[in-house]
Amino acid sequence: MKRSMEQYFSGVTVTISIGEVRKVRKIVISDIHGCAAELDQLLKKTKSLPEEVIFLGDYVDSGPDSIEVLDMVKDLCRQGATALLGNHDDLFLQWLEEKENILYYGGRNGGVATINSCLQRLGIERIEFSQILEDVRKENQIRKLIKDRFHAQICFIKSLPLFKKDSEFIFVHAGINPKNGLEKTTKLEFLHLRDEFIYEYNKPETIIFGHTPTRKIHNQDNVYFGPNRVIGIDGGCTFGGQLNALIIDNGKFSTTSVIKK
């Protein structure tokens, strides 16, 4: 599926002058949530070069292999990719720093899957959520083990920015404050906004975001192209949906995806 920016967004015209150097293709992916196999397949399907890839956050939680996803993204960033912070990545840090309780992180938000991904990498038997919910000492032992053995991955998450802006687009995890604009958007808003941003944003820049599964916006897992210059790409992969890639190539949009296995 291809759409030109001029055709899709009213009032936006893209002009390429004779002799202009072709722009680098952009491949935007978000909300991987531990789905390492699907990410690997999607990168191969798009024939991505590292410098083309922009990740919009949420590498961990719920899916089966958060640590593998973090390693893949970290390695691609070392080669030129861009990665942003997601709310689940931040929540993982908050739990590690004892600023978030395990009841909220481990259960409702799927953090126990990230913990088990770490344990599995170390050859340690997986744990049930109830085991750490009822045993603070065990939780603290596991937390310390993860902090000691996965220092590189934790430092990588801590280094991630909240947004990326170029001459054409703004890339964020969840959205920006629709009234105050990019510069006055708080960290909480960058990571957690939903409907207020999606439906009330009316500024001239095109914003590409994840966080809110597109099935909640237009009842399907495909990329959402909003009439107000917002593009949502979270296909809900870890919830049985698909991992989407938005491809921006020489002023045109196309999409492809990998269905959750």
[X] with [Y]: basic N within carboxylate O range, under 4.0 Å:
| X | Y | answer |
| --- | --- | --- |
| K144 | E139 | no |
| K216 | D234 | no |
| D249 | K26 | no |

Checklist line | Within residues 96-147 or reaching into it, pairs that qualify as ring-ring contact (aromatic ring centres under 6.0 Å, His included) - sequence neighbours excluded | finding: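 Counting only pairs at least two positions apart or across chains, the ring-ring contact (aromatic ring centres under 6.0 Å, His included) contacts touching residues 96-147 are W95-Y105.
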
Are the side chain of [X] and the backbone of [Y] linked by a donor-acceptor contact shorter than 3.5 Å?
| X | Y | answer |
| --- | --- | --- |
| T185 | N177 | yes |
| H173 | L56 | yes |
| D89 | D58 | yes |
| T214 | I217 | no |

Next item on the list: Sort and list the pairs that fulfil side-chain hydrogen bond (donor to acceptor under 3.5 Å, both in side chains) and have at least one residue in residues 123-135, not counting sequence neighbours.
Entry: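 Sorted pair list comes back empty.
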
Any donor-acceptor N or O pair under 3.5 Å, side chains [X], [Y]:
| X | Y | answer |
| --- | --- | --- |
| Q120 | D65 | no |
| Q242 | D221 | no |
| N140 | R143 | yes |
| H211 | D31 | no |

Check: How would you list, by chain and number, every residue that makes a ring-ring contact (aromatic ring centres under 6.0 Å, His included) with F190, sequence neighbours excluded?
Finding: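 F163.
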
Notebook entry, point to check: By ring-ring contact (aromatic ring centres under 6.0 Å, His included), which residues pair with F209, not counting sequence neighbours?
Noted result: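 In terms of ring-ring contact (aromatic ring centres under 6.0 Å, His included), with neighbours along the sequence ignored, F209 is linked to F197.
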
Show me the donor-acceptor pairs, under 3.5 Å and distance only, between side chains in residues 66-84 and residues at least two apart or in other chains.
unit_1, atom_1, unit_2, atom_2, d
S66, OG, D61, N, 3.0
S66, OG, T114, OG1, 3.3
E68, OE1, R121, NH2, 3.4
D71, OD1, Q153, NE2, 2.9
D71, OD2, R121, NH1, 3.0
D71, OD2, R121, NH2, 3.0
D75, OD1, R78, NE, 3.3
D75, OD1, R78, NH2, 2.7
D75, OD2, Q79, NE2, 2.9
Q79, NE2, D75, O, 3.3

Note to self: Does anything in residues 192-204 form a salt bridge (charged side-chain N to carboxylate O under 4.0 Å, His left out)? List the pairs, not counting sequence neighbours.
What the structure shows: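 Qualifying pairs, neighbours excluded: K179-E200.
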
Next item on the list: Check the pair T256 / T46 against side-chain contact (heavy atoms from CB on, under 4.5 Å), numbers first and verdict last.
Entry: CA-CA 8 Å; T256 190; T46 56; 3.5 Å; yes

